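First, the structure itself, so that you have it in front of you.
Keep in mind the model is a prediction, meaning the values are calculated, not measured.
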Amino acid sequence: MSEFVCIAPDVKLGQDVKLSKFINLYGCEIGDETKIGAFVEIQKNAVVGKRCKISSHTFVCEGVIIEDNVFVGHGVTFINDSYPRATTTEGSLQTEADCKVERTVVKKNASIGSGATILSNTCIGENAIVGAGSVVTKDVPANSIVAGNPAKILRYINQTVEVAE
């Protein structure tokens with residue numbers, strides 16, 4: 001490995017994974033043939049499936065599950081805590097024991113545009129597309145295209161019926 005790649009010994013890498021420089025991986029699992037771009041961090045207990053593309057400057061935090069064939073654009077941020085705090089009610093700095101990790105799931109064949117923010121406790125459905133810069137605050141249905149802040153359904157893929165707002 002390069003001096004510009006930080007991969008902890010507990011990382012499970014599949015076959016033919018392509019890693020760029022300046023990445024930080026620890027305690028995670030990366031599936032076969034996945035490509036990880038530069039300046040990406042993937043934390044412990046995160047899973048990235050097979051044949052995914054995680055573009056540069058993306059943050060995949062603990063509790064995120066990304067299934068197979070998913071595209072994640074540049075600068076995407078996943079969130080795993082609905083109510084983050086720096087200190088406890090007593091005023092001391094929080095530790096890992098004080099945090100409750102909340103799950104986020106990205107189903108197979110989904111695409112997330114650059115600059116999107118994905119909040120915790122959400123599921124992005126199979127084949128769904130999240131527009132660039134969107135903020136996903138609730139589940140995204142399978143085969144839908146969402147965009148905006150908060151992300152709203154624009155339409156469904158392979159359907160001509162428009163969804164009323």
Side-chain angles (χ1 to χ4, degrees), residues 11-20 22-84 99-165:
V11 171
K12 295 178 185 170
L13 289 178
Q15 293 185 2
D16 300 318
V17 172
K18 293 173 181 58
L19 302 174
S20 297
F22 308 108
I23 62 172
N24 187 23
L25 309 177
Y26 54 96
C28 59
E29 184 176 329
I30 311 295
D32 299 343
E33 301 176 43
T34 287
K35 182 178 179 183
I36 308 290
F39 302 104
V40 168
E41 178 169 335
I42 303 176
Q43 293 185 328
K44 70 179 182 177
N45 302 320
V47 177
V48 178
K50 297 176 183 176
R51 294 172 305 282
C52 293
K53 181 176 181 188
I54 310 297
S55 301
S56 68
H57 299 87
T58 289
F59 176 68
V60 181
C61 56
E62 182 177 4
V64 172
I65 297 173
I66 298 173
E67 294 183 355
D68 298 342
N69 309 316
V70 169
F71 172 83
V72 178
H74 301 279
V76 172
T77 301
F78 289 87
I79 310 290
N80 66 359
D81 186 348
S82 296
Y83 302 100
C99 298
K100 178 183 178 286
V101 173
E102 299 166 338
R103 183 139 333 266
T104 299
V105 177
V106 182
K107 296 288 192 174
K108 67 181 183 177
N109 301 313
S111 293
I112 302 172
S114 294
T117 299
I118 315 300
L119 298 187
S120 59
N121 293 319
T122 59
C123 178
I124 297 174
E126 194 171 318
N127 301 310
I129 298 174
V130 175
S134 296
V135 179
V136 174
T137 61
K138 60 185 180 179
D139 291 349
V140 174
N143 302 305
S144 66
I145 299 173
V146 301
N149 181 5
K152 295 188 185 306
I153 298 170
L154 300 179
R155 68 182 177 89
Y156 284 86
I157 300 168
N158 297 328
Q159 292 183 353
T160 56
V161 178
E162 292 294 324
V163 177
E165 292 186 28

CG-CD1 distance between N80 and I118, expressed to the nearest 0.5 angstrom: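 One gets 13.5 Å once the value is rounded to the nearest 0.5 Å.
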Any donor-acceptor pair under 3.5 Å from R51 side chain to N69 backbone: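 Not confirmed, R51 side chain does not pair with N69 backbone.
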Rounded distance [0.5 Å steps], CD1 in I54 versus CD1 in I42: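 One gets 5.5 Å once the value is rounded to the nearest 0.5 Å.
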Main-chain N/O of V101 paired with E62 side-chain donor or acceptor, under 3.5 Å: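 No, the answer is negative, given that no donor and acceptor are paired below the 3.5 Å cut-off.
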K53 vs S55 side-chain heavy atoms within contact, under 4.5 Å: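 Side-chain contact under 4.5 Å: yes.
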Residues V106, V72; criterion side-chain contact (heavy atoms from CB on, under 4.5 Å); working and verdict: CA-CA 10 Å; V106 182; V72 178; 5.9 Å; no
Separation between CD of E102 and CZ of F78, rounded to the nearest 0.5 Å: 15.0 Å
Non-hydrogen side-chain atoms of L119 and T117 separated by less than 4.5 Å: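 L119 vs T117: side chains touch.
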Expected output: side-chain D139 to main-chain C123 donor-acceptor under 3.5 Å: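 Yes: the side chain of D139 pairs with the backbone of C123.
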Check: Y26 and N24 side chains under 4.5 Å, non-hydrogen atoms: yes
Check: K108 main-chain N/O paired with E67 side-chain donor or acceptor under 3.5 Å: yes
Heavy-atom pair of closest approach, residues F39 and I23: N-CG2, 4.1 Å
Residue pair Q43 / F59, side-chain heavy-atom distance below 4.5 Å: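 Yes. Closest side-chain heavy atoms under 4.5 Å.
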Taking every non-hydrogen atom, the tightest pair across A147 and S134: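 Looks like CA-OG, 3.1 Å.
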Polar side-chain atom of T58 near backbone of V76 as donor-acceptor pair, under 3.5 Å: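 Indeed, once roles are kept as given, a pair shorter than 3.5 Å links the two residues.
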P141 vs Y156 side-chain heavy atoms within contact, under 4.5 Å: yes
Expected output: side-chain N143 to main-chain I157 donor-acceptor under 3.5 Å: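 Answer holds: no.
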CD1 on I129 to CD1 on I145, rounded to 0.5 Å: 4.5 Å
Considering all heavy atoms, the nearest G131-A116 contact: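 Nearest pair, atom of G131 first, then A116: O-CB, 4.3 Å.
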T104 versus S120, closest heavy-atom pair with distance: OG1-CA, 3.3 Å
Heavy-atom pair with the smallest gap, counting every atom of S56 and V40: CA-CG2, 4.0 Å
Side chain T122, main chain T137, donor-acceptor under 3.5 Å: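 No, T122 side chain to T137 backbone: no donor-acceptor pair under 3.5 Å.
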Any donor-acceptor N or O pair under 3.5 Å, side chains Q15, D32: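 The answer is no; no qualifying pair exists.
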Inter-residue atom distance D16.CG - K50.NZ, 0.5 Å rounding: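 Those atoms lie 12.0 Å apart.
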CD1 on I124 to NZ on K138, rounded to 0.5 Å: 13.5 Å
Nearest heavy-atom neighbours spanning C52 and V48: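 Reported closest heavy-atom pair: CB-CG1, 3.8 Å.
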Donor-acceptor under 3.5 Å (T34 side chain, V17 main chain):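 Absent.
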